[in-house]
Amino acid sequence: MQMKQRKWITFLAGGICLAMVLWGCMGAAGQEKSMQQQSVSQTDRTTEDQTASQTEAAADTQESIQQVNTPVRIWGPVLQVGQDRISIDNRAETSSRGEIVITFDQTTTPILDAETGEPENLTELERDEAVFVYIEPAMALSLPPVVNARLILCDIPDDLRIPDYVTVSAMEEEANGSFLLTADNGMQFSVNQNCDLMPYRTRNRVLIEDIQSGSSCLVWSDEKGNAAKIVLFA
C-alpha cells in the first residue's frame with residue numbers, strides 16, 4: 001500500500017513538474033511572440049514616420065525649386081536704353097530699389113505691349129517711359145545690380161494694370177464648362193470660351209486645351225480673376 005502511494009506521489013510530482021515546464025515554455029513563446037509583434041509594430045511606425053518625413057522633405061524641396069524659378073516683377077522709368085540692356089529706376093519693393101541694369105536678348109526675350117500683347121521693340125523706348133519687367137530671381141551683386149529679363153512689358157496703361165506672367169501648375173475643367181488655371185505661384189484664373197487666346201510670334205491657333213501644366217503665359221484678368229486675354233508662349 002505504501003509502495004503504491006509512493007508511486008502515485010512520484011507520478012503526481014512528475015506531472016506537476018511537466019506542467020510547470022510546459023507552462024514556462026508557453027509563457028516564453030507567448031512573450032517572444034508579443035515582443036515580435038511589438039517589434040513589427042515599431043518597425044511599421046518607423047517606416048511610416050520615415051515615409052512621412054521623406055514626403056514632407058520632397059514637398060519642401062519642390063516648393064523651394066518653385067520659389068527659385070519664379071520670376072520677380074519690377075517696374076520703373078527708363079534711365080537708359082542699349083542694344084541688349086536697359087537701365088531703370090526700380091520702384092518695386094520686390095527687389096533692390098534704385099537703378100537696375102536689365103539684360104535681354106532681342107530674339108528670345110519676350111517684349112510685349114502691356115495692353116495689346118503684341119511684340120514690341122525696345123529701341124523705341126524713351127527716357128522716363130515706364131516699363132514692367134519680370135526678371136530672374138538671381139541678381140549680380142554689382143553697383144548698379146545686373147539682372148536677366150524673362151519678359152518685358154512696355155506701353156504701360158495709365159492705371160498701371162498689367163497682365164500676370166505665370167507658369168501653369170494645373171488646368172482643370174469645371175462643371176460650367178470653363179477652366180480653372182492655377183499658376184505655380186498660387187494665382188488662379190477662370191478661363192472660358194470668350195477668353196481671347198493669342199500665340200506668341202506664330203500664326204498658330206491657340207485653344208484652351210493647349211494651355212497645360214508647365215505652360216508659360218501672360219494673363220489679363222479682372223478683379224475677380226476672370227481671364228480676358230492670354231498670350232501663350234511655346
Side-chain angles (χ1 to χ4, degrees), residues 48 51-75 92 94-95 104-105 107-120 131-138 148-234:
E48 290 175 358
T51 302
S53 299
Q54 291 172 354
T55 302
E56 184 178 352
D60 291 342
T61 300
Q62 182 64 28
E63 183 177 355
S64 299
I65 292 174
Q66 289 178 350
Q67 291 175 350
V68 169
N69 291 331
T70 301
V72 177
R73 188 172 74 182
I74 62 174
W75 74 278
T94 53
S95 188
F104 62 92
D105 188 319
T107 60
T108 59
T109 304
I111 304 171
L112 304 175
D113 184 302
E115 291 191 276
T116 67
E118 296 292 337
E120 287 286 346
V131 294
F132 278 72
V133 186
Y134 286 87
I135 62 174
E136 299 286 354
N148 295 324
R150 283 201 192 179
L151 179 141
I152 301 175
L153 296 171
C154 50
D155 294 328
I156 308 301
D158 294 335
D159 61 4
L160 299 181
R161 283 190 61 84
I162 66 164
D164 295 289
Y165 179 53
V166 299
T167 298
V168 179
S169 175
M171 190 72 169
E172 301 172 317
E173 187 172 5
E174 299 188 293
N176 60 5
S178 63
F179 286 78
L180 180 64
L181 188 160
T182 302
D184 62 356
N185 61 2
M187 299 184 70
Q188 291 187 319
F189 306 93
S190 178
V191 185
N192 58 39
Q193 297 297 333
N194 296 323
C195 181
D196 184 13
L197 303 178
M198 300 171 54
Y200 176 67
R201 284 187 170 177
T202 72
R203 296 183 180 274
N204 298 333
R205 183 185 177 190
V206 178
L207 303 176
I208 289 183
E209 291 76 14
D210 295 327
I211 305 174
Q212 302 176 358
S213 177
S215 298
S216 294
C217 52
L218 199 60
V219 184
W220 286 257
S221 63
D222 60 19
E223 294 82 358
K224 296 182 179 180
N226 297 310
K229 179 164 55 183
I230 296 177
V231 172
L232 179 64
F233 299 98

Next item on the list: Report the C-alpha separation of Met171 and Glu209 in whole Å, then their side-chain angles, then the decisive distance to 0.1 Å, and conclude whether the side chain to side chain contact (heavy atoms under 4.5 Å, CB included) test is met.
Entry: CA-CA 9 Å; Met171 190 72 169; Glu209 291 76 14; over 6 Å; no

Checklist line | With sequence neighbours excluded, residues passing side chain to side chain donor-acceptor pair (under 3.5 Å) with Asp159 | finding: none

So which heavy atom on [X] is nearest to which on [Y], and how close?
{"X": "Cys217", "Y": "Phe233", "answer": "CA-CD1, 3.8 Å"}
{"X": "Val231", "Y": "Tyr200", "answer": "CG1-CB, 4.1 Å"}
{"X": "Ser221", "Y": "Phe189", "answer": "OG-CE2, 3.5 Å"}
{"X": "Lys229", "Y": "Gly117", "answer": "NZ-N, 4.5 Å"}
{"X": "Leu112", "Y": "Leu218", "answer": "CD1-CD2, 3.5 Å"}
{"X": "Ala149", "Y": "Thr109", "answer": "O-CG2, 3.8 Å"}

Next item on the list: May I have the step-by-step check of side chain to side chain contact (heavy atoms under 4.5 Å, CB included) for Ile162 and Leu160, ending in yes or no?
Entry: CA-CA 6 Å; Ile162 66 164; Leu160 299 181; 5.7 Å; no

Say you draw a straight line from [atom1] of [X] to [atom2] of [Y]; how long is it, rounded to the nearest 0.5 Å?
{"X": "Glu174", "Y": "Leu180", "atom1": "CD", "atom2": "CG", "value": "5.0 Å"}
{"X": "Glu172", "Y": "Thr182", "atom1": "CD", "atom2": "OG1", "value": "6.0 Å"}
{"X": "Met198", "Y": "Arg205", "atom1": "CE", "atom2": "CZ", "value": "15.0 Å"}
{"X": "Ile135", "Y": "Arg150", "atom1": "CD1", "atom2": "CZ", "value": "10.0 Å"}
{"X": "Ser215", "Y": "Ile230", "atom1": "OG", "atom2": "CD1", "value": "10.0 Å"}
{"X": "Glu115", "Y": "Leu153", "atom1": "CD", "atom2": "CG", "value": "11.0 Å"}

Next item on the list: On the 0 to 90° scale, with breaks at 30° and 60°, tag the Trp75-Phe132 ring pair as parallel, tilted or perpendicular.
Entry: parallel

Notebook entry, point to check: How far apart are the C-alpha atoms of Ile152 and Glu120, what are their side-chain angles, what is the distance that settles it, and do they pass the side chain to side chain contact (heavy atoms under 4.5 Å, CB included) test?
Noted result: CA-CA 9 Å; Ile152 301 175; Glu120 287 286 346; over 6 Å; no

Check: Can you tell which of Asn204, Ile208, Asp210, Thr202 makes a side chain to side chain contact (heavy atoms under 4.5 Å, CB included) with Val206?
Finding: Asp210

Note to self: Using a 3.5 Å distance criterion without hydrogens, assess whether the side chain of Tyr165 forms a donor-acceptor pair with backbone atoms of Tyr134.
What the structure shows: no

Check: Does any non-hydrogen side-chain atom of Pro163 lie less than 4.5 Å from one of Val219?
Finding: no

Checklist line | With Ala183 via side chain to side chain contact (heavy atoms under 4.5 Å, CB included) - residues at least two apart | finding: Val166, Asn185, Met187

Item checked: Pairing residues for Ser213 by the side chain to side chain contact (heavy atoms under 4.5 Å, CB included) criterion, not counting sequence neighbours -> none

